[in-house]
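Here, residue 1 is the first one in the sequence, and each next residue gets the next number.
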Amino acid sequence: MASPNRQTRPALNVGFILANRFTLSAFASFIDMLRLSADEGDNSRPILCSWSVISLDMKPISASCGVRIHPDTNLIDPASFDYLVVVGGLIDHIESLDRHYVDYLQTAVAKNVPLIGLCTGSFILHRAGLMNGYKCCVSWFHRTDFLEQFDGLEPVSDRIFVVDRDRISCSGGTSAVHVAAHLVKRHVGLRQARKSLHILMVDEALDDSKAQPFLPTSLKAKDNLVQRAVLMMQQETENLRSIEQLCKMLGVGRRSLEMRFKTNLNKSPAEALSHIRVEEAQRLLGETSATITEVAHRAGFFDASHFNKVFRRHTGQTASAYRQSLSG
């Protein structure tokens, strides 16, 4: 929806560049937050906020679900926007940006226009060389893809979005609502942000310290730091070798982390990690044909012997007996 001509510039004006096969839900969530914040009620007039889909050739752009979006404008002066958002989509369809878009975004950076990578938009910005030296938020679901494509770069996969100076990156999904709410609070006001979240049936705006939603696990914690630690344990099951390594990744002292785990889960971080590894092993035993040794390795155990001891202590049976019980 392009903003109408008017004398007064809106408090927040956002431009969107949509990748081929972009994620409609993330884009729509972001747009709806702006729409509801722009006017009273849900009248949808772009008064306080405005938004435009930018395109090089003005051809319709297909979302991953097949819906097609018609652009609003060509590559107008990027300084007319407060933010430029690159909306990514399916991993297998991510392409390098056309050189004209890269030049456009580089011009935006030169004019101090912040950039936002939404969903896998952060992948696209990285490929364009526009995230060098910046922290980058990636969904836990796409973390392995990111590590494979960008050797030596460590993504942030324990938070819903990351603000690093003039770059914002977002894990996608419903976290797009919270990035948009962050912008609305900053440029339009807290009242408008709260009103819009209420209409969208979102309890509250979450900041960039909030942990990403959990992978399935029986460990439930209310403490945000413990949530992030558990998520990181799940993501790094195979590679995490010590609690000190985890503390370094989280930027927290070991004693502080142990106290928070004891309070929230009545476990030490090491006990929680062992618990998560056994849960991952149970999943692998039930869902794959991997050998016991392969399961042990993929779940982060040093060897099959150590794995069987820990597995039996947690479940009361050996890994082989557990697998047989699933098929029986």
Side-chain angles (χ1 to χ4, degrees), residues 90-94 120 122-123 126 136-159 171-173 211-221 226-250 254 257-258 261 265-328:
L90 297 178
I91 286 289
D92 292 341
H93 290 265
I94 290 178
T120 56
S122 55
F123 285 64
H126 254 303
C136 181
C137 180
V138 174
S139 165
W140 61 265
F141 187 73
H142 294 305
R143 179 180 175 83
T144 301
D145 298 301
F146 187 93
L147 291 171
E148 289 175 351
Q149 293 188 31
F150 305 107
D151 187 39
L153 295 176
E154 184 66 26
V156 176
S157 299
D158 63 323
R159 288 182 278 168
S171 56
Q212 289 185 23
F214 268 27
L215 293 160
T217 176
S218 60
L219 295 180
K220 306 297 181 184
V226 177
Q227 289 178 355
R228 288 172 53 203
V230 169
L231 182 59
M232 203 165 280
M233 287 175 180
Q234 292 176 305
Q235 294 166 355
E236 300 293 339
T237 303
E238 187 173 339
N239 302 314
L240 192 60
R241 291 301 170 213
S242 69
I243 301 304
E244 285 78 9
Q245 180 187 351
L246 176 65
C247 290
K248 186 176 181 180
M249 294 164 70
L250 291 166
R254 176 161 184 161
L257 187 66
E258 288 179 340
F261 263 78
L265 297 176
N266 198 30
K267 293 179 183 292
S268 69
E271 289 170 335
L273 180 57
S274 180
H275 182 99
I276 287 169
R277 283 179 168 153
V278 169
E279 285 190 333
E280 174 63 6
Q282 289 176 305
R283 185 188 71 79
L284 292 169
L285 289 167
E287 297 179 8
T288 75
S289 59
T291 67
I292 300 300
T293 299
E294 289 171 339
V295 168
H297 175 72
R298 289 169 62 179
F301 292 93
F302 292 108
D303 53 50
S305 176
H306 178 236
F307 164 56
N308 268 311
K309 289 179 182 177
V310 176
F311 192 91
R312 188 163 194 165
R313 185 168 69 244
H314 278 262
T315 66
Q317 57 187 327
T318 65
S320 296
Y322 176 81
R323 174 172 270 172
Q324 289 173 0
S325 70
L326 295 176
S327 60

Could you go through L219 and M233, starting from their C-alpha distance and side-chain angles, then the distance that decides it, and tell me whether this counts as side chain to side chain contact (heavy atoms under 4.5 Å, CB included)? CA-CA 11 Å; L219 295 180; M233 287 175 180; 6.0 Å; no
Using side chain to side chain contact (heavy atoms under 4.5 Å, CB included), reason through L285 and F311 one step at a time and then give a plain yes or no. CA-CA 12 Å; L285 289 167; F311 192 91; 3.8 Å; yes
Output the distance between atom CZ (R228) and atom CG (L246), rounded to the nearest 0.5 Å. 10.0 Å
Step by step, would you call E271 with H275 a side-chain hydrogen bond (donor to acceptor under 3.5 Å, both in side chains)? CA-CA 6 Å; E271 289 170 335; H275 182 99; over 6 Å; no
Side chain to side chain contact (heavy atoms under 4.5 Å, CB included), that's the test. Do I292 and T318 meet it? Break it down for me. CA-CA 10 Å; I292 300 300; T318 65; over 6 Å; no
Under 3.5 Å, side chain of S325 to main-chain N/O of Y322, donor-acceptor pair present? yes
Rounded to the nearest 0.5 Å, how far apart are CD of E280 and OG1 of T237? 5.5 Å
Under 3.5 Å, is there a donor-acceptor pair between the side chain of Q227 and the main chain of A221? yes
Ring geometry between F301 and F307 (parallel below 30°, tilted from 30 to 60°, perpendicular above 60°): tilted
Heavy-atom closest contact (T293 atom, A304 atom, distance): OG1-CB, 4.0 Å
Rounded distance (nearest 0.5 Å) linking atom OG1 of T291 with atom CZ of R323: 8.0 Å
Where L257 and A229 come nearest, the two heavy atoms and their spacing: CD1-CB, 4.2 Å
Measure the CG-CE distance between L250 and M232 for me, rounded to the nearest 0.5 Å. 4.5 Å
Identify, with sequence neighbours excluded, every residue that meets side-chain hydrogen bond (donor to acceptor under 3.5 Å, both in side chains) alongside R241. none
Answer yes or no: is there a side-chain heavy-atom contact under 4.5 Å between R277 and V310? no
Sequence-distant partners of R312, side-chain hydrogen bond (donor to acceptor under 3.5 Å, both in side chains), two or more places apart: none
Show your working on side chain to side chain contact (heavy atoms under 4.5 Å, CB included) between Q245 and M249 and close with a plain yes or no. CA-CA 6 Å; Q245 180 187 351; M249 294 164 70; 4.2 Å; yes
How about L265 and V230: do any of their side-chain heavy atoms sit closer than 4.5 Å? yes
Over all atoms of both residues, closest heavy-atom pair of A319 and N308: N-OD1, 3.4 Å
For H297, is the NE2 atom crowded, meaning more than 12 foreign heavy atoms sit under 6.0 Å from it? no
NZ/NE/NH1/NH2 to OD/OE distance under 4.0 Å, E258 and R254: yes
